[in-house]
Structure formats: structure tokens, C-alpha cells
Amino acid sequence: MRHEAPPGSVSSSGKRVHGKASLVRTRRVKVDPENPAEEVIKDAAHVIGSGGLVAFPTETVYGLGADALNPDAVMRVFRVKGRPPDNPLIVHVADPDSVYLLASEVPRVADLLIERFWPGPLTLVLKRTEMVPPVTSAGLDTVAVRMPAHAVPLALIRTAGTPIAAPSANRSGSPSPTTADHVMRDLEGEIELVLDGGPTEIGVESTVLDVTVEPPEVLRPGGLPVEEIERVIGSVRVPDWARGLERYASRPRAPGMKYRHYAPKARLVLVEGRPQDVRYRVQELVNEFTSKGIRVGVLTTDGKRYENATTVDLGPSWDLRAVARSLFSSIRALDESGVDVVVAEGVEERGMGLAIMNRLRKASGGEIVYV
Ligand code: AMP
Ligand code: MG
């Protein structure tokens, strides 16, 4: 069902929809993340089959899905996200063998990784076949493929009978959604259906690994730690820009790397260094800002307290999985609390820490204080 609404109109749930025309009534439907009901999946598959857009939970973040083989549907994904057309989408499959339809070459390392880590938070970049529409791959001769470890997308892909292209279900540039609420906030009035399967388990996006080069190169650190990949295939390259250190970029950046990402509306300042120095410098920064009447939020770990700031604890620094799980929702929460600046503590760059630091550095837009 479609209905027109004037710019700045209020949607059915009473929220403003980006101050522009809302064209679609977005249905939000609860789904059991472990045992999705058949009728819910059939409904969603029907939307996908008719070229519509469905947001769904995965084990990483919520995805915004379209039929990967339908160029018009895929084009709509770019449009509703406000995503630059040169930033390709990940194609999601429901069984490992589908990779042979989408990829023209599957090197041995890819087979080893698929065998060990699929389904899971690992995306492989491979040479693509003609089956993949150019728009899905942003005109590149490669395609990014992943098999998610979540019953909802797996059932949806199987029932729709097509691979599903799905970037994160947020407006381009804002933090990725880890709940259906986040999706509604960004995309209500733009997409047909949101499947609400509760908060996501990992909380950051998949690790993207380019296996068309030797040694394979990490294009984006994510839910699968690089150390685990290296245990299976040996050393991989992690370029400095993939750590989020854009100023060290030595060659044209990978697609999508040149945009500010994961960012709150507030300015975000990241403080990196030894924990005791970081703690001291964060409080100093808070004091400097508040003395100028600027409202400050702090992203901390280990339950540390700061004076004169709205502080959100991401979790224990020894449990970086917990920190990753709460990262994006905490950034969104601080934004909602109305702070002008977020000061974030850096974490150790091991395991999930690499993905966390990539997101924080990108969210900071380069405003990093080294102590
Ligand atoms: P998102 O789906 O929003 O989490 O973003 C997908 C990520 O995968 C982006 O960082 C893309 O640049 C990357 N990606 C997707 N397809 C390719 C590809 N063919 N080559 C390189 N990177 C890709
Ligand atoms: Mg994204």
C-alpha cells in the first residue's frame, strides 16, 4: 500500500521522517530470531520478490535487503540509504555452494575460509560472474559474498529463492543499527518491512577480506578477528587505512572508505594511548569543553566515572566482544541524550578491538588525540 505525505509530515508512529516525503508505509513485524515463523518469512520473501526492501537482523547488525539480482531493487537500496553508488553491497547467500554462481574464481584460501567460518561474520571479495548486476557491485569486477549465521536471513534467502544484497540498514554515514528501533529511526517511511528479531549478537559488521590478491587483504575489520583468519590461512595484510587511519592511505582507498562513517550527529573525539594516560586526558578534555558550555558525553570501559559528562559504559576492556556489542547503540544513545561532543576512549587493537577502533576512528572523522 502506498500513500503520499507532505514534506516533514509525521509518520504513523508519530515520528518525523527525515523532513521529506514519506512514500511507503513501513510495517514492523516481530520474528523469533531462532525459529522464524513460516508466515513471517513468506511475507518478507514476497516483498523481496516484488522488488521491495526488507530490513532484517543478522548476527552482526541489521541488514537492508533487496533481491541482489534485481537492479531496480538494488538501486532503491542505494537511494533510501543515501549511499554513494560507488560503494558496493554485500551479497548474502544461504548455502556455501551459491558462491560458485556469483564468483568466477574461488581460490583455495577462499574454500578453506568458507569451510571454517561460514555461516558467520566473514565476507569474501571474489571475481564476479555475469549473474551479478553491475549496480550491486558498484561497477567493479568483483563481488562481496557472505553467508550469515542467523536463522532469519537464511530462511528469507531460501524462501525468496534469490541471493539478497544487504548493506547495514541505516542512513549512510550514521551508526549501523543493532535493533529494529534503530532501523525505524533511520528508514521508517522508506522501506516496506522491518523484521524485529531483537538486538544483534555481534554488534559490528562482518570482516571484509579480499581474496583476489595475494596475500589476502582485510578491507574492513569486523566480527571475525583477523587472528582467527590467520590461524587458518596464514598472514593477511591489514593496510593502515583499514585500521581507520586514513592519513596513512598509500593508494586509492577501497570503495566506501572515503566517507565519514558510523558517526553520531555530535562531534566525536577519540583519545588513544596507554589506559592511565587516556583516562587523565579524557577528563581534561571534558573539563575544557564544559568550561565553554559544551555538553559532553563519554564512551568508556570498565565502568570508569567522569565528572561533568554523561558517561556510557561499553563493557569490560577484557571483553571486547561485549564492547563491540554495545558500541553502536551507545553512540546512538549519547546522540539522543543531546550532547554536543562525544569523547571516546580507545581500546586495545587485538581481537574485536581492531573492528572497534576502525569504527571509532571513522566516527571521529580524524579527530584523534594521541597521549
Ligand atoms: P555495509 O554492507 O554497509 O556493511 O558495507 C559493505 C562493505 O563491503 C563496504 O565497506 C564495501 O566497500 C565492502 N565491499 C562490498 N563489495 C565490495 C567489493 N566488490 N570490493 C571491495 N569491497 C567491497
Ligand atoms: Mg554500512
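The first residue of the sequence shown is numbered 1, and numbering continues consecutively from there. Ligands are counted one by one from 1 in listed order, and the atoms in each one are counted from 1 as well.
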(message) Please identify which of these residues, L126, T212, L113, L112, meets the side-chain contact (heavy atoms from CB on, under 4.5 Å) condition with P107.
(response)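 Only one of L126, T212, L113, L112 forms a side-chain contact (heavy atoms from CB on, under 4.5 Å) with P107, namely L126.
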(message) Is the contact between L219 and ligand 1 made by the side chain, the backbone, both, or neither, using heavy atoms and a 4.0 Å cut-off?
(response)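 It is the side chain that touches ligand 1; the backbone stays farther off.
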(request) Give the contacting part of V61 toward ligand 1: side chain, backbone, both or neither, where contact means a heavy-atom distance below 4.0 Å. (result)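 For V61, no heavy atom sits under 4.0 Å from ligand 1.
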(request) Kindly identify the option in S137, A165, P167, A144 whose heavy atom sits closest to atom 16 (N) of ligand 1. (result)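 Comparing heavy atoms across S137, A165, P167, A144, the nearest one to atom 16 (N) of ligand 1 lies in A144.
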(request) Can you figure out which of R146, R220, K81, E205 has its heavy atom closest to atom 1 (P) of ligand 1? (result) R220
(message) Could you check whether any side-chain heavy atom of V93 comes within less than 4.5 Å of a side-chain heavy atom of V99, counting everything from C-beta outward?
(response)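 SC-SC contact between V93 and V99 ruled out.
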(request) Kindly write out the residues that satisfy salt bridge (Lys or Arg N to Asp or Glu O under 4.0 Å) with D181, not counting sequence neighbours, or none if the list is empty. (result) R28
Distance under 4.0 Å to a non-hydrogen atom of [X]: what atoms of ligand 1 satisfy this?
X: S168; result: 1 (P), 2 (O), 3 (O)
X: R83; result: 1 (P), 3 (O), 5 (O), 6 (C)
X: T142; result: 18 (C), 19 (N), 20 (N)
X: N87; result: 9 (C), 11 (C), 12 (O)
X: V208; result: 8 (O)

Got a second to check how far [X]'s [atom1] is from [Y]'s [atom2], nearest 0.5 Å?
X: L124; Y: R146; atom1: CG; atom2: CZ; answer: 11.0 Å
X: L187; Y: Y62; atom1: CG; atom2: OH; answer: 13.0 Å
X: I164; Y: N70; atom1: CD1; atom2: CG; answer: 11.5 Å

(request) Inspect the contact between E336 and R185 and indicate whether a charged nitrogen and a carboxylate oxygen are less than 4.0 angstrom apart. (result) yes
(request) Establish, from distance only, whether the side-chain atoms of T60 and E205 form a donor-acceptor pair under 3.5 Å. (result)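 Checked: T60/E205 side chains show no N/O donor-acceptor pair below 3.5 Å.
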(message) If I only include protein atoms of type N, O or S, how many are less than 2.8 Å from the Mg ion (ligand 2)?
(response) 1
(message) Tell me whether E227 at atom CD has more than 12 heavy atoms from other residues, nucleotides or ligands lying less than 6.0 Å away.
(response)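 Yes - once you tally the heavy atoms of other residues, nucleotides and ligands closer than 6.0 Å, there are more than 12.
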(message) Does R281 form a salt bridge (charged side-chain N to carboxylate O under 4.0 Å, His left out) with E284? I'd like the steps, not just the answer.
(response) CA-CA 5 Å; R281 189 73 183 108; E284 265 187 355; 2.8 Å; yes
